[in-house]
Amino acid sequence: MMTINNKEEVASRTSAQPANKTQPVLRAPNLDDAKAVHALITASPPLDVNSVYVYLLLSHHFTDTCVVAELDNEIVGFVSAYVPPKTPDVLFVWQVAVHERGRGLGLGKSMLQEILQRPGLQNIRFVETTVGPDNAASRGMFASLARKAGTEINETALFEGHHFGEQAHEDERLLRIGPFTEK
Ligand SMILES: CC(C)(COP(=O)(O)OP(=O)(O)OC[C@H]1O[C@@H](n2cnc3c(N)ncnc32)[C@H](O)[C@@H]1OP(=O)(O)O)[C@@H](O)C(=O)NCCC(=O)NCCS
């Protein structure tokens with residue numbers, strides 16, 4: 001059973017500190033995490049479930065911009081993100097998942113903040129992501145990230161239902177958060 005004491009505790013932990021029963025460790029993913037990440041995404045609707053191969057790629061090529069949260073040897077949180085090739089000051093956040101037992105405790109936001117504080121990402125000034133129209137948790141999390149950084153969110157159209165073809169899918173609107181000055 002996952003228990004997290006409070007938001008400050010989640011936010012203050014990094015992989016430099018040893019795991020214990022109540023505090024998730026945030027660290028870069030590795031190949032051995034891909035199956036567990038796939039299972040977490042599968043258990044986290046409305047996220048699209050990609051193949052295990054995709055999570056292997058993320059854990060191999062994009063470790064600098066992805067994070068897992070591990071508690072008692074269990075993956076309880078995951079963020080996939082990357083720096084788009086043409087916009088080196090943008091971190092594009094693809095999927096964020098927190099195990100349902102650990103939601104509402106600050107873990108989602110802490111994972112995003114952990115990535116932004118990494119040494120190689122000091123040039124990031126904007127976070128971009130896409131959200132469905134009704135995903136209140138996702139919108140709440142990104143709004144909180146913007147509030148905490150004292151910056152703004154700009155929302156525009158990006159991927160529309162028809163772009164997904166036969167597969168029924170809601171519009172995914174682009175949120176652009178920033179500029180981040182101090183992370
Ligand atoms: C979205 C998700 C990752 C949020 O993770 P979380 O750890 O519960 O979020 P946090 O505890 O860090 O919350 C951060 C902020 O979001 C807000 N928030 C969280 N869940 C919310 C909800 N259901 N409705 C409204 N706001 C919400 C919190 O109030 C908090 O704001 P605060 O910092 O001002 O108090 C989690 O709900 C999840 O995995 N959902 C299923 C998958 C998904 O939809 N992912 C997002 C799309 S990429």
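This is a predicted model, so every value here is computed, not measured. In listed order, ligands and their atoms are each counted from 1.
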J.: May I ask you to list the atoms of ligand 1 that are less than 4.0 angstrom from any heavy atom of G108?
T.: 5 (O), 6 (P), 7 (O), 12 (O)
J.: Could you check which of S80, A137, G77 puts a non-hydrogen atom nearest to atom 22 (C) of ligand 1?
T.: A137
J.: Do you know which of L121, T65, V127 makes side chain to side chain contact (heavy atoms under 4.5 Å, CB included) with L116?
T.: V127
J.: At a 4.0 Å threshold, what atoms of ligand 1 neighbour a non-hydrogen atom of A97?
T.: 39 (O)
J.: Does NZ or CZ of R125 fall inside the cone over F180's six-membered ring, less than 6.0 Å from its centre and within 45° of the axis?
T.: no
J.: Could you tell me which non-hydrogen atom of F142 sits nearest to which non-hydrogen atom of I153, and how far apart they are?
T.: O-CD1, 3.7 Å
J.: Can you list the atoms of ligand 1 that are under 4.0 Å from a heavy atom of G106?
T.: 10 (P), 11 (O), 12 (O)
J.: Tell me the ring-ring contact (aromatic ring centres under 6.0 Å, His included) pairs involving residues 143-178, sequence neighbours left out?
T.: F164-H169
J.: Among P46, G104, A143, which one puts a heavy atom closest to atom 6 (P) of ligand 1?
T.: G104
J.: For L107 and L26: C-alpha separation, side-chain torsions, deciding distance, then whether side chain to side chain contact (heavy atoms under 4.5 Å, CB included) applies.
T.: CA-CA 9 Å; L107 183 53; L26 308 189; 3.8 Å; yes
J.: Under 3.5 Å between some N or O of ligand 1 and some N or O of Q95?
T.: no
J.: Apply salt bridge (charged side-chain N to carboxylate O under 4.0 Å, His left out) to the pair K109 and E114, showing each step before the final yes or no.
T.: CA-CA 9 Å; K109 190 167 72 171; E114 196 274 339; over 6 Å; no
J.: So which of Q113, R147, M141 gets nearest to atom 34 (O) of ligand 1, if we judge by its closest heavy atom?
T.: R147
J.: Should one rank V93, V79, V98 by closest heavy-atom distance to atom 5 (O) of ligand 1, which comes out on top?
T.: V98
J.: Flag S138 as yes when one of its N or O atoms lies below 3.5 Å from any N or O atom of ligand 1, and as no otherwise.
T.: no
J.: Is it true that R101 and E74 have a side-chain N and a carboxylate O under 4.0 angstrom from each other?
T.: yes
J.: Test N135 against M141 for side chain to side chain contact (heavy atoms under 4.5 Å, CB included), laying out the working first.
T.: CA-CA 10 Å; N135 194 332; M141 179 179 64; over 6 Å; no
J.: Backbone or side chain, does any N or O of N135 fall under 3.5 Å from an N or O of ligand 1?
T.: yes
J.: Say whether G132 and ligand 1 are in contact under the criterion: heavy-atom distance to a ligand atom below 4.0 Å.
T.: no
J.: Evaluating non-hydrogen atoms only, which member of V131, L47, T130 is closest to atom 42 (C) of ligand 1?
T.: L47
